[in-house]
Visitor: 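Sharing a structure below in structure tokens format, with a few things to ask.
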Number of protein chains: 2
Amino acid sequence: MTNRRATIADVAREAAVSPSTASVVFSGKTPVSDATRRRVLAAASALGYVGPDPRAASLRLGRSGIVGVVVGASLNHLFLDPVQRLMMDGLAEAVAPFGAGLLLLRTHTDVENAPTLLTAPVDAAVLIGCDAPLRESLDAARSRGLPLVVIEGDAGSDVPQILLDNRDAQRTAAQHLRDLGHTDVAIVTLRTRAEITSGWLPSDAEITIDVTRERLEGARDVFADAPALATAGSSIDEGLAAGRVLFADPANRPTAVIAQSDLLAAGVIRAAEEAGLTVPLDVSVTGFDGIPVDGLSPYELTTLVQPPTDKGRAAGEAVAAMLEGRVPASVLLTCAFRPGRTTGPVPARR
Amino acid sequence: MTNRRATIADVAREAAVSPSTASVVFSGKTPVSDATRRRVLAAASALGYVGPDPRAASLRLGRSGIVGVVVGASLNHLFLDPVQRLMMDGLAEAVAPFGAGLLLLRTHTDVENAPTLLTAPVDAAVLIGCDAPLRESLDAARSRGLPLVVIEGDAGSDVPQILLDNRDAQRTAAQHLRDLGHTDVAIVTLRTRAEITSGWLPSDAEITIDVTRERLEGARDVFADAPALATAGSSIDEGLAAGRVLFADPANRPTAVIAQSDLLAAGVIRAAEEAGLTVPLDVSVTGFDGIPVDGLSPYELTTLVQPPTDKGRAAGEAVAAMLEGRVPASVLLTCAFRPGRTTGPVPARR
DNA sequence: TTGTATGCGTTATCAT
DNA sequence: ATGATAACGCATACAA
């Protein structure tokens, strides 16, 4: 027994055909007579050859079938958010028909030798979000000339973007609250910058994370002076913590809360319950995302429904387009306002 | 302007050195004089060469730095579970020092042409769980001679396994309930088979998912006849649905519930609240996993704490060992019982 | 329909 | 410390 794996040359020899013929049997790019095909396949299975070596094929074809997805924080953190999970599903689905899969890469890791866009055999890169640490990956992709797509972040005009009408959508929700008579409104925001900094937001706070800034602008378009409380990210527990702050002083609490995500809204609602408040009788709460929140039932959140899977799919299609040499389109996806049962009229004066 | 990307040969020519010398400047495998190194680097930057082409390097080295992770269902579904998220983080962390990253692959997808273990340039494969659909990936990995690790599933004695003492741990929790005097106990299980089938479990039900079967055995070691209600998977909402069933009849409800995951337990607790029951006064609930459940506070779950990150890390180390030609170890990780505030003595007779 | 020849971009070996 | 050369395994252009 040899311990070297069989190559297509071995198969060809065994089948008494040329390497190119054997190759064609596997790739199907050229017609092959049935007889030879059978011979080649028989030889292959005799030698335990299961198909071309992907590594050699990638070099030859100039394509590895791998799309690098650069995520900022830990997977645990990223995938806590259902929006991201669905987005990744859409992305995977859209590149799969091209034989491509997703390689997870992290921007910042203290591990020596960790794989990056510079060292991994990727055909294209997808960046999620676009705060400072991602900048590095952006440069890497550019210097290697990799097709690049950015999701909810601005990387310059040459990179296709997959955007959401965050500001318009959030304004719609705010307007809904105003229509219900609310004037005393608080905003609970997503993370505002790469570093974790939660707490009351100064009115001139610099917000480097686009989605947070845009949604805040939408809310402020209607409630210009609404106080905003920043969280460390989209989770129920962060929303709970924020809600506790908002409802701490019974004499001085908002009648409505605009949360920048459904998870945050779920936490705010929980905090309201804790404080003995009924939603929406005592306080109205709006979310953002419109995804099913595990554990939120029986509430039906008033929220903005975004299409996370479509977002991923759009990114995937942009990648696919670039891989085929077509010109990818930037996409602006829109959110739909979905009234639920967590908003209502302003309660009678306390 | 040429539109072909520069290769290391171009760099070598520009720097007036041999290709091998230029290569060594980037790999650092052999000493190079400072002067030539500088010349090469200068030439590289002049030509916009940012390092060896990973595709060519993979062929030459026989290593792509990619570990295929085969997940069964959608990413959304998989990553709903915090245990899986943390596990993946551990896995990524453990292979990163070897320059390796994780490529997500799905077992069953109806997409034509989707990447698989047979077509993707992976150095090794990690299978998560091991029900029927994974079998296929297992064969693929075997036929390509890929190093293979299975997490919480049995793939035969030649494959290193990363296991948890599910049965022992669950027995400990059950014993805890028995010690508190409970005899009327119900079990809420994880998914029992690849297909989704929830509902009361016949006593002779065939359970193909190992973790579910093992935990059930542990519970049955103490409460041999406890009724078991199967769910479609680990989520708060599934637990909520199960809890509603359990607590539907006030005259005939269990005094304790053994949930096979913390998420399920969280849902059961929510159902108890809904039914007007107080935990642990009216009903005790145990979980399994010991991870922070977003949205469960302020409860402190009585649960079994498993080390999900270690589990991933162990898998990653086994992979790394195999890549280096060392003999990987199977690992049996143990869970620790952590009493919380969701279990208590049997309530006075109703 | 089949075969021949070549190159994809590297890196390891060996000699200098 | 540096250079010449071969090989990694495959897929294609082109000839037959």
Side-chain angles (χ1 to χ4, degrees), chain A residues 2-41 43-44 47-65 99 118-123 144-145, chain B residues 2-41 43-44 47-65 99 118-123 144-145:
Chain A
T2 165
N3 48 26
R4 179 175 133 286
R5 296 201 69 74
T7 74
I8 200 158
D10 300 325
V11 174
R13 197 175 316 115
E14 175 88 7
V17 299
S18 80
S20 60
T21 303
S23 172
V24 156
V25 167
F26 286 96
S27 76
K29 297 257 183 183
T30 295
V32 181
S33 84
D34 238 42
T36 41
R37 175 201 272 61
R38 250 192 301 278
R39 275 225 313 294
V40 169
L41 258 25
L47 297 178
Y49 180 86
V50 292
D53 177 333
R55 285 186 282 253
S58 352
L59 175 58
R60 178 63 234 240
L61 297 172
R63 300 198 26 195
S64 62
L118 252 28
T119 63
V122 299
D123 295 334
R144 274 195 54 200
Chain B
T2 166
N3 47 25
R4 180 177 131 284
R5 297 200 69 75
T7 73
I8 201 160
D10 300 327
V11 173
R13 198 174 316 116
E14 174 87 8
V17 299
S18 77
S20 51
T21 302
S23 171
V24 154
V25 166
F26 286 95
S27 75
K29 297 254 185 187
T30 295
V32 181
S33 85
D34 238 43
T36 42
R37 172 195 276 80
R38 250 192 302 277
R39 273 222 316 293
V40 169
L41 258 24
L47 296 177
Y49 180 86
V50 291
D53 178 335
R55 285 186 283 253
S58 328
L59 174 57
R60 177 63 235 234
L61 298 173
R63 297 199 29 196
S64 63
L118 287 174
T119 62
V122 298
D123 294 335
R144 272 194 56 200

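Letters A, B, ... mirror the listed sequences (proteins, then strands); counts begin at 1.
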Visitor: List, with names and distances, any nitrogen or oxygen atoms from the protein found under 3.5 Å away from nitrogen or oxygen atoms belonging to nucleotides 1-5 of chain C.
Guide:
{"unit_1": "C:dT2", "atom_1": "OP1", "unit_2": "A:Ser33", "atom_2": "OG", "d": "2.9"}
{"unit_1": "C:dT2", "atom_1": "OP1", "unit_2": "A:Thr36", "atom_2": "OG1", "d": "3.1"}
{"unit_1": "C:dT2", "atom_1": "OP2", "unit_2": "A:Ser33", "atom_2": "N", "d": "2.9"}
{"unit_1": "C:dT2", "atom_1": "OP2", "unit_2": "A:Thr36", "atom_2": "OG1", "d": "2.9"}
{"unit_1": "C:dG3", "atom_1": "OP2", "unit_2": "A:Ser18", "atom_2": "N", "d": "2.8"}
{"unit_1": "C:dG3", "atom_1": "OP2", "unit_2": "A:Thr21", "atom_2": "OG1", "d": "2.9"}
{"unit_1": "C:dG3", "atom_1": "N7", "unit_2": "A:Ser20", "atom_2": "OG", "d": "3.1"}
{"unit_1": "C:dT4", "atom_1": "O4", "unit_2": "A:Ser20", "atom_2": "OG", "d": "3.2"}

Visitor: For a 4.5 angstrom cut-off between non-hydrogen side-chain atoms, does A:Thr36 reach A:Val25?
Guide: no
Visitor: Closest heavy-atom contact between B:Ala15 and B:Val40?
Guide: CB-CA, 3.9 Å
Visitor: Could you check which residues of residues 54-64 of chain A get a heavy atom under 4.0 Å from DNA chain D? Sort them by number, please.
Guide: A:Ala56, A:Arg60, A:Leu61
Visitor: Less than 4.5 Å apart, side chain to side chain, heavy atoms only: is that true for B:Glu14 and B:Asp10?
Guide: no
Visitor: If you look at every strand shown and take non-hydrogen atoms under 4.0 Å, does B:Thr7 touch a base, only sugar-phosphate, or nothing?
Guide: sugar-phosphate
Visitor: Take the protein atom CZ of B:Phe26 and the nucleotide atom P of C:dA12, then report the distance between them rounded to whole Å.
Guide: 15 Å
Visitor: Any pair with a residue in residues 47-62 of chain A that passes salt bridge (charged side-chain N to carboxylate O under 4.0 Å, His left out), sequence neighbours left out, goes on the list, sorted by first then second residue, please.
Guide: A:Arg55-B:Asp123
Visitor: Holding to side chain to side chain contact (heavy atoms under 4.5 Å, CB included), I want the full list of residues that pass it with B:Pro52, two or more places apart in sequence or in another chain.
Guide: B:Phe26, B:Tyr49
Visitor: Could you summarise the pairing of DNA chain C as dot-bracket text, marking Watson-Crick and G-U pairs under 3.5 Å with ( ) or [ ] inside the strand and | across strands?
Guide: ||||||||||||||||
Visitor: With sequence neighbours excluded, tell me which residues meet side chain to side chain contact (heavy atoms under 4.5 Å, CB included) with A:Ser20.
Guide: A:Ser18
Visitor: With a strict under 4.0 Å distance from non-hydrogen atoms of chain A, what nucleotide opens and what nucleotide closes the contacted stretch of DNA chain D, reading 5' to 3'?
Guide: D:dG9 to D:dT12
Visitor: I need the CD1-P distance between B:Ile8 and C:dG7, as an integer number of Å.
Guide: 19 Å
Visitor: Quick one: list whatever passes side chain to side chain contact (heavy atoms under 4.5 Å, CB included) with B:Ala9, sequence neighbours left out.
Guide: B:Thr7, B:Arg13
Visitor: Please name all residues satisfying side chain to side chain contact (heavy atoms under 4.5 Å, CB included) with A:Val50, sequence neighbours left out, ordered by chain then number.
Guide: B:Leu118, B:Ser143, B:Arg144
Visitor: Keeping A:Ser64 on the side-chain end and A:Ser58 on the backbone end, is there a donor-acceptor pair under 3.5 Å?
Guide: no
Visitor: Enumerate the salt bridge (charged side-chain N to carboxylate O under 4.0 Å, His left out) contacts for residues 25-34 of chain A, please, sequence neighbours excluded, ordered by first and then second residue.
Guide: A:Asp34-A:Arg38
Visitor: For A:Thr119 and B:Pro54, which heavy atoms make the closest approach, and how far apart are they?
Guide: O-CB, 3.4 Å
Visitor: Is any side-chain heavy atom of A:Ile8 closer than 4.5 Å to a side-chain heavy atom of A:Ser23?
Guide: yes
